[in-house]
Protein chains: 2
Amino acid sequence: MTLMIKPIDFIDDYLAYLLARSSHLVSEQFHRQIQAQGWSTNYWRILASLSDVEALTLTQLNQRVLFKQPTLSKLVVKMEAEQLLVRHKDDADKRSVKIAISATGRTLVADLLAQAKAHEAKVLEDYSEEQQQLLKSMLRGLVVHLQE
Amino acid sequence: MTLMIKPIDFIDDYLAYLLARSSHLVSEQFHRQIQAQGWSTNYWRILASLSDVEALTLTQLNQRVLFKQPTLSKLVVKMEAEQLLVRHKDDADKRSVKIAISATGRTLVADLLAQAKAHEAKVLEDYSEEQQQLLKSMLRGLVVHLQE
DNA sequence: CTTTTTTATATGAAAATGAATACAACTACT
DNA sequence: AGTAGTTGTATTCATTTTCATATAAAAAAG
């Protein structure tokens, strides 16, 4: 496993492209796996984002899932109808909608989370523990840096 | 600039999410900049992918831009109508369409490439040269690894 | 050679997306 | 309090995207 691979042309030395491409490649297989089970990747992203918090407002959830607000707004209404999550008005701010995962959603996401972890392990199986941590912490650093 | 940032919950230790999030954050600003000039990000991605090659088939181009085939097919027809690129049948394989950037497209992309480089420099301004190279080469390694 | 299978692209109908906007509730001033 | 500006969410409608499929050419099999 060498980490030193030289760029060939513009695209291979352009950070935005390297991120987009690696993101795409990493997610692609897993998304197919999810879809084969009848679930949309949007659902997976939303449920995963809700899995480790009590509740989030639509805006907060949107910062995690990276959709456009109208897109998320519609998805969340649909998912509530399917009992995967619960929406209720925020008492502190009556404009806001608090969104929380439901019991059904929790069962589903537990399964998907296990699959996601297994998939990631497979993706990174040739990397040492140190390399894995280095890669992830560089990305976390980039995220923090870009959010100001 | 520390690179060691610890994960908090699932999402912050999940490679696919870290990649998606950092990719989104890096591209977002630049895409807004492009759109403010009246260009779609799809056009930018296609032109950038064509900028440093003579010609690519639709399939080859699609491997770079990461769209769905019908999406690219339609975009490319539209861009030919706008004189940004040229399509012609491949002599070697008559099913294939070879796509090449036009003179007009080349002028446009030269401008956009300069902007992209400037934007990237800004994004990475707090990183040392070593850190930049490490980050990029890890991502290149990941891409190569995932493509088999 | 046929026949079958695979590959490359295009297209049409249906679904998803997003820009613009509406509306209600909150905040900051005066 | 009253007004002006801001923020959070929903909705509309035009555009974009995609699934499914068609078509034609190449490759593989028989």
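Predicted, not measured: the structure shown is a model, and the values here were computed from it. Chain naming here is simple, since letters A, B, ... match the order of the sequence lines and numbering starts at 1 in each.
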Are [X] and [Y] close enough that some pair of their side-chain heavy atoms sits under 4.5 Å apart?
X       : Y      : result
L84(B)  : I46(B) : no
T57(A)  : D93(A) : no
Q115(A) : Q37(A) : yes

[X] side chain to [Y] main-chain N or O, any donor-acceptor pair under 3.5 Å?
X       : Y       : answer
R87(A)  : V97(A)  : no
K136(B) : D13(A)  : yes
Y14(B)  : L113(A) : no
S51(A)  : A48(A)  : yes

**Item:** Where I11(B) and D52(A) come nearest, the two heavy atoms and their spacing
**Value:** N-OD2, 4.0 Å

Nearest whole Å is fine: how far is [N] [atom2] from [X] [atom1]?
X      : N       : atom1 : atom2 : value
I46(B) : dT17(D) : CD1   : C1'   : 13 Å
Y43(B) : dT16(D) : OH    : C1'   : 12 Å
L66(B) : dT18(D) : CG    : P     : 12 Å
R45(B) : dT16(D) : CZ    : P     : 16 Å

**Request:** For D90(B), answer base if it contacts any base atom (sugar-phosphate contacts may also be present), sugar-phosphate if it contacts only those atoms, and nothing otherwise; contact means non-hydrogen atoms under 4.0 Å.
**Result:** nothing

**Message:** Just to be sure I understand the rule, does N62(B) reach a base, reach only the sugar-phosphate, or reach nothing, if contact means heavy atoms closer than 4.0 Å?
**Reply:** nothing

**Request:** Working to the nearest 0.5 Å, report the span between CG of L66(B) and CG of L25(A).
**Result:** 7.0 Å

**Complete:** Interatomic distance, OH@Y17(A) vs CD@E120(B), rounded to 0.5 Å, equals 14.0 Å

**Item:** Angle between terminal axes - the helix from dC1(C)-dG30(D) to dT30(C)-dA1(D), 5 pairs each end, rounded to 10°
**Value:** 40°

**Request:** Could you encode protein contacts along nucleotides 1-10 of chain D as a string, one character per nucleotide from 5' to 3', using B for base contact, S for sugar-phosphate-only contact and - for no contact, with a heavy-atom cut-off of under 4.0 Å?
**Result:** ------BSBB

**Message:** Please compare N42(B) and D91(B) by the position of their nearest nucleotide in DNA chain D and report the one closer to 5'.
**Reply:** N42(B)

**Prompt:** Which two nucleotides bound the region of DNA chain C that has atoms under 4.0 Å from heavy atoms of chain B, read 5' to 3'?
**Reply:** dT7(C) to dA13(C)

**Residue pair K98(A), D91(A): steps toward the salt bridge (Lys or Arg N to Asp or Glu O under 4.0 Å) verdict** = CA-CA 9 Å; K98(A) 285 277 202 177; D91(A) 288 325; over 6 Å; no

